[in-house]
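Down below is the structure, laid out as structure tokens.
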Amino acid sequence: MKFKPLGERVLVERLEEDTKTSSGIIIPDNAKEKPLMGLVKAVSAKVKDDKALKENDTIVFGKYKGTEIKLDSKEYIVLELEDILGVIEK
């Protein structure tokens, strides 16, 4: 199934955070917060035209932003362009 965002939206797959602290303590699932970083999987035509983001960019977004959806049993988040705080450059 292919998802094409409309307007100024992007489809993002959340990046998983480490399950251990730097000192080796394992963090249980119920104590973890949802990650605020993700990998861009699809961008709308408007965003593509602005060249603001492209697929496979790693981004940081606001804590309570976006709409969660499930496609082919994977969870994604659809974000408005204005909810994205920045791009992490490698």
Side-chain angles (χ1 to χ4, degrees):
M1 184 180 314
K2 186 165 172 105
F3 181 84
K4 183 178 176 184
L6 300 175
E8 291 187 346
R9 294 184 181 89
V10 297
L11 179 70
V12 176
E13 181 179 355
R14 286 186 193 263
L15 294 178
E16 292 300 318
E17 292 186 349
D18 291 335
T19 57
K20 283 187 184 180
T21 64
S22 58
S23 60
I25 298 172
I26 297 175
I27 303 168
D29 286 340
N30 61 352
K32 286 193 283 185
E33 289 191 23
K34 289 190 176 183
L36 302 178
M37 291 175 51
L39 189 65
V40 176
K41 292 298 190 177
V43 295
S44 68
K46 232 180 197 182
V47 173
K48 196 177 283 187
D49 290 344
D50 290 344
K51 295 182 174 49
L53 287 174
K54 59 187 181 304
E55 290 180 14
N56 296 317
D57 278 348
T58 302
I59 60 164
V60 178
F61 50 90
K63 190 171 190 171
Y64 299 108
K65 302 296 183 182
T67 302
E68 294 180 350
I69 64 170
K70 199 173 221 180
L71 298 170
D72 297 329
S73 72
K74 282 184 95 175
E75 290 187 15
Y76 297 93
I77 186 167
V78 179
L79 292 166
E80 296 277 347
L81 186 59
E82 65 188 27
D83 295 335
I84 298 171
L85 304 175
V87 178
I88 297 178
E89 296 181 355
K90 299 175 184 175

Check: Which value, rounded to the nearest 0.5 Å, describes the distance between Arg9 atom CZ and Glu80 atom CD?
Finding: 4.0 Å
Mind listing the closest non-hydrogen atom pair of [X] and [Y] along with its distance?
X: Leu36; Y: Lys63; answer: CD2-CA, 3.5 Å
X: Ser44; Y: Glu8; answer: OG-CA, 3.9 Å
X: Phe3; Y: Ala42; answer: O-CB, 3.7 Å
X: Leu79; Y: Val12; answer: CD1-CG2, 3.8 Å
X: Asp83; Y: Gly66; answer: OD2-N, 4.2 Å
X: Ile77; Y: Lys65; answer: CD1-O, 3.1 Å

Is there side-chain contact between [X] and [Y], with at least one heavy-atom pair below 4.5 Å?
X: Leu71; Y: Leu11; value: yes
X: Phe61; Y: Arg14; value: yes
X: Ile84; Y: Val40; value: no

Margin query: Between Asp57 and Lys54, does any NZ, NE, NH1 or NH2 come within less than 4.0 Å of an OD or OE carboxylate oxygen?
Written below: yes
Next item on the list: Spell out, yes or no, whether Leu6 and Leu81 are grouped together once hydrophobic residues are joined by side-chain heavy atoms under 4.5 Å, including indirect joins.
Entry: no
